[in-house]
Amino acid sequence: SGDSVPTLPNISDNSIIGTWSPAIVDNANSGTYTFTSNTGQCANTSSFTVTVTPQTIPTFGFGTTLTNCQGVSAQVLLPTTSDNSITGSWNPSTIDYSIIGQTVYTFTPNSGQCAFNSTLTVTVNTIPQFTISGGCDGEKYVLQIVEENQNINLVEWYFNNTMIGQGNSIVITGEGTYTAVATNADTCDN
């Protein structure tokens, strides 16, 4: 479906002149084409049938879009066979989760398969970068998040692996391990 089609000649390979019905091959619909010679020529009609196969869209279990956080995995090799058995190649062939932003990957089917190209759009979001600073605030000791890349959406604080609050700062209540988990709007955390 949609491929280029030959022009039907009005003269046969053995020099018979005539016309075709229909006159133009349809690349969207199957049909029969009949050649009828002009009057006065000793020739039979001839016909052929064109079968148009619809093009298939290669499908993959991961869909057409992926969103991940930077560095979630180093690189992922894309499959060369679709879920509906179309073989081909990707450009680029590997998803690189170190490239921030959107990258479009194109799957091109091998020749001879009635299949369209397929694309995968991968969005890689940044991981929130921050440092923790501490200091006295009156008689309280306070830990505070200092953003480095301005993309923190939510901060959760943990004391000895138990969540004790949310926000950019926390008051120290006792001796132990304090952990901050920062998440950006794209749900990447650090």
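This structure is a prediction, so every number in the text was calculated from the model and none was measured.
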For Thr131, give me all partners under side-chain contact (heavy atoms from CB on, under 4.5 Å), at least two apart in sequence or on another chain. Val146, Glu148
Side-chain touch Thr103/Asp96, heavy atoms, less than 4.5 angstrom: no
If you count the non-hydrogen atoms of other residues, nucleotides and ligands that lie under 6.0 Å from CG in Asp13, is the total more than 12? no
Report, as yes or no, whether the 6.0 Å neighbourhood of atom CD1 on Ile24 holds more than 12 heavy atoms from other residues, nucleotides or ligands. no
I'd like a table of donor-acceptor pairs (distance under 3.5 Å, sequence neighbours excluded) in which one partner is a side-chain atom from residues 111-120, with atom names and distances.
from   : atom 1 : to     : atom 2 : distance (Å)
Gln113 : OE1    : Thr87  : N      : 3.1
Gln113 : OE1    : Thr87  : OG1    : 3.4
Gln113 : NE2    : Thr87  : O      : 2.7
Gln113 : NE2    : Thr87  : OG1    : 3.3
Gln113 : NE2    : Asn110 : O      : 3.1

N/O donor to acceptor pairs below 3.5 angstrom from side-chain atoms of residues 37-50, sequence neighbours left out:
from  : atom 1 : to    : atom 2 : distance (Å)
Gln41 : OE1    : Ile17 : N      : 3.0
Gln41 : NE2    : Ile17 : O      : 2.7
Thr49 : OG1    : Thr32 : OG1    : 3.3

Is Val142 linked to Val155 within one hydrophobic cluster, defined over Ile, Leu, Val, Met, Phe, Trp and Tyr using a side-chain heavy-atom separation of less than 4.5 Å? no
Would you check if Leu143 and Trp157 make a side-chain contact, meaning some heavy-atom pair closer than 4.5 Å? yes
State which residue, out of Ile164, Thr177, Val181, fulfils the side-chain contact (heavy atoms from CB on, under 4.5 Å) condition with Tyr158. Val181
Applying the side-chain contact (heavy atoms from CB on, under 4.5 Å) criterion to Phe107, which one of Ile86, Ile57, Leu78 satisfies it? Ile86
Atom pair OH/CG of Tyr33 and Leu8 - distance to nearest 0.5 Å: 8.0 Å
Shortest non-hydrogen separation from Cys69 to Val124 and the atoms involved: C-CG1, 4.1 Å
Can you classify the ring geometry of Phe60 versus Trp90 as parallel (below 30°), tilted (30 to 60°) or perpendicular (above 60°)? tilted
Can Asn160 and Thr162 be counted as having a side-chain donor-acceptor contact under 3.5 angstrom? no
Flag yes if Val52 and Trp20 sit in one hydrophobic cluster, no otherwise; membership is Ile, Leu, Val, Met, Phe, Trp, Tyr, and two members link when side-chain heavy atoms are under 4.5 Å apart. yes
